[in-house]
Amino acid sequence: MLRLITGIRGASGFGSASTAEEVTHGVDAAALTVIITGGASGIGLETTRVLALRKAHVIVAARNMEAANEAKQRILNENRTARIDILKLDLSSLKSVKAFADNFLALNLPLNILINNAGIMFCPFQLSEDGIEMQFATNHLGITRHFYLTNLLLDKMKETAKSTGIEGRIVNLSSVAHLVCPSEGIRFHNINDKNSYQDKVAYGQSKLANLLHANELSRRLQEEGANITVNSVHPGLIMTNLMRHSAFLMRILRVFTCLLWKNVPQGAATTCYVALHPSLKGVTGKYFSDCNEYKPSKLARDEVLARNLWDFSNNLINASQKIIDK
């Protein structure tokens, strides 16, 4: 807590006050192609801007194409050499996720880095068009952050890493909110139970799922010998559109916790650090906050729970896909 408030730097040389530009200073990403979900607003937009500043080719996956193109133009006004493309993606829809992956693969581009950034927070109970509780559907299954999307793009990442010799990186945005989850971790048997729904707990569950997904995918890729790392990050407390369902509550909370909040450039720092910093070559299956490695909850480190979630997610996607295909 003291490190967060004071901005004292950790072992990485960075801390809570570090910005995305600072942690990527001197990095040349010209050879890299990056996909970032939700890269047109909030910390996602800052991540897009800084990655483009470091010369990466950034593919922004966005639901609101008009807003995404406006964000792209703002970046181009500042950096005329920025390489940014926009593709449509609605992470609450299986059809949209599949269409996005197909459209990207059709471009025949390499894929070095996938940043699963987009999400929703503290929303009222609702089901996605695929019949899954919205926060879990959007934040984990990507039916974002993003089980189905990652699976669809994984072969391209393996192919790119093998042909270029450049390590691939997958970054899942999780949250310290993964601590506020059901006692069993994931409620596999009542994901869609409206009567027991609590928005904060549901959000924590989805963030725990992001962590477990990253850890299990990391384990599988290591066993396979793939040159791809997978890590999770907590960006910190930042007032962005993610909090649109609880803006009033967050403003009240911010009054009493003002020293704990970050601005957007600080909020994007850990994502950019984990995505680009050369010191993290080969580092995988870890959880980062304030650009330093931290130990997540016991549940987040539960390998059995991670495997169960992997199987559950696959089964859920397959069942939903069958319904859609009818």
Side-chain angles (χ1 to χ4, degrees), residues 3-4 7 9-24 27 29 34-39 42-51 54 56 112-119 121 139-140 142 144-147 149-150 167-180 203-204 206-218 228-238 240 242 260-297 300-301 306:
R3 191 182 298 277
L4 173 61
R9 296 169 184 265
S12 68
F14 305 112
S16 62
S18 299
T19 65
E21 284 198 30
E22 178 187 353
V23 303
T24 58
V27 175
V34 183
I35 287 178
I36 175 169
T37 65
I43 61 173
L45 175 57
E46 177 67 1
T47 301
T48 297
R49 185 188 72 81
V50 172
L51 292 175
R54 302 306 175 217
N112 305 95
I113 299 172
L114 171 62
I115 301 176
N116 290 317
N117 168 80
M121 183 179 186
N139 293 338
H140 172 55
T144 83
R145 223 194 260 200
H146 299 31
F147 184 83
L149 177 65
T150 303
E167 176 184 84
R169 295 188 182 186
I170 298 172
V171 184
N172 277 7
L173 265 76
S174 182
S175 170
V176 69
H178 78 274
L179 296 167
V180 185
Y203 180 71
S206 71
K207 297 293 98 180
L208 174 63
N210 295 154
L211 258 163
L212 291 167
H213 168 229
N215 293 346
E216 177 63 9
L217 179 56
S218 172
I228 300 173
T229 64
V230 193
N231 293 292
S232 304
V233 304
H234 167 54
L237 286 171
I238 311 105
T240 68
L242 183 64
L260 304 180
W261 290 71
K262 296 181 177 182
N263 58 37
V264 169
Q266 292 168 342
T270 305
T271 302
C272 290
Y273 172 73
V274 174
L276 289 186
H277 205 277
S279 69
L280 294 187
K281 181 176 175 60
V283 176
T284 189
K286 304 299 182 182
Y287 172 66
F288 292 84
S289 178
D290 300 332
C291 301
N292 285 276
E293 183 183 333
Y294 282 85
K295 182 182 288 187
S297 70
R301 292 177 279 119

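Sequential numbering from 1 along the given sequence is applied to the chain's residues.
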Looking at CG of Leu211 and CD of Glu216, how far apart are the two atoms once the value is rounded to the nearest 0.5 Å? 13.0 Å

Could you walk me through whether Leu217 and Thr150 pass the side-chain contact (heavy atoms from CB on, under 4.5 Å) test, one step at a time? CA-CA 10 Å; Leu217 179 56; Thr150 303; 3.6 Å; yes

Contacts of Glu167 that satisfy side chain to side chain donor-acceptor pair (under 3.5 Å) - sequence neighbours left out: Arg169

Got a second to check how far Thr19's OG1 is from Tyr273's OH, nearest 0.5 Å? 14.0 Å

Check: Val34 main-chain N/O paired with Asn112 side-chain donor or acceptor under 3.5 Å: no

Looking only at non-hydrogen atoms, find the nearest pair between Val27 and Pro278 and report the distance. CG2-CD, 4.2 Å

Smallest heavy-atom separation, Ile36 atom then Gly44 atom, equals CD1-O, 3.6 Å

Going from CD on Gln266 to OG on Ser16, what distance comes out if it is rounded to the nearest 0.5 angstrom? 7.0 Å

Between the OH atom in Tyr287 and the CG atom in Asn215, the distance rounded to the nearest 0.5 Å is 11.5 Å

Less than 4.0 Å between a side-chain N and a carboxylate O, is that true for Arg9 and Glu22? yes

As a test of understanding, state which of Pro296, Ser174, Ser232 forms a side-chain contact (heavy atoms from CB on, under 4.5 Å) with Lys207. Ser174

Just by distance, do the side chain of His234 and the backbone of Ser289 share a donor-acceptor pair under 3.5 Å? no

Is the closest side-chain heavy-atom distance between Thr270 and Pro235 below 4.5 Å? no

Side-chain (Lys295) to main-chain (Arg301) donor-acceptor, under 3.5 angstrom: no

is_close_aromatic(Phe14, His277), centroid dist under 6.0 Å: yes

Locate the shortest heavy-atom distance separating Thr24 from Ala20; write the atom from each residue and the value. OG1-O, 2.9 Å

Heavy atoms of Asn172 and His213 approach each other most closely as ND2-ND1, 3.1 Å

From CG (Leu114) to CG (Asn116), nearest 0.5 Å: 4.0 Å

I need the minimum non-hydrogen distance between Leu51 and Leu276, along with the two atoms involved. CD2-CD1, 3.4 Å

If you look at every heavy atom in Thr47 and Ala268, which pair is closest and at what distance? OG1-CB, 3.5 Å

What distance do Lys286 atom NZ and Thr229 atom OG1 have between them, rounded to the nearest 0.5 Å? 12.0 Å

For Leu208, is there any backbone N or O sitting under 3.5 Å from a side-chain donor or acceptor partner on Asn210? no

Do Val283 and Phe288 pass the side-chain contact (heavy atoms from CB on, under 4.5 Å) test, and can you show the C-alpha distance, the side-chain angles, and the key distance before you say yes or no? CA-CA 11 Å; Val283 176; Phe288 292 84; 4.0 Å; yes

Please lay out, stage by stage, how Thr37 and Asn117 fare under the test side-chain hydrogen bond (donor to acceptor under 3.5 Å, both in side chains). CA-CA 5 Å; Thr37 65; Asn117 168 80; 5.2 Å; no

Set of side chain to side chain contact (heavy atoms under 4.5 Å, CB included) partners for Ala275, sequence neighbours left out: Ile113, Ile115, Val171

With side-chain hydrogen bond (donor to acceptor under 3.5 Å, both in side chains) as the criterion, how do Ser218 and Thr284 come out once you've worked through the C-alpha distance, each side chain's angles and the decisive distance to 0.1 Å? CA-CA 6 Å; Ser218 172; Thr284 189; 2.7 Å; yes

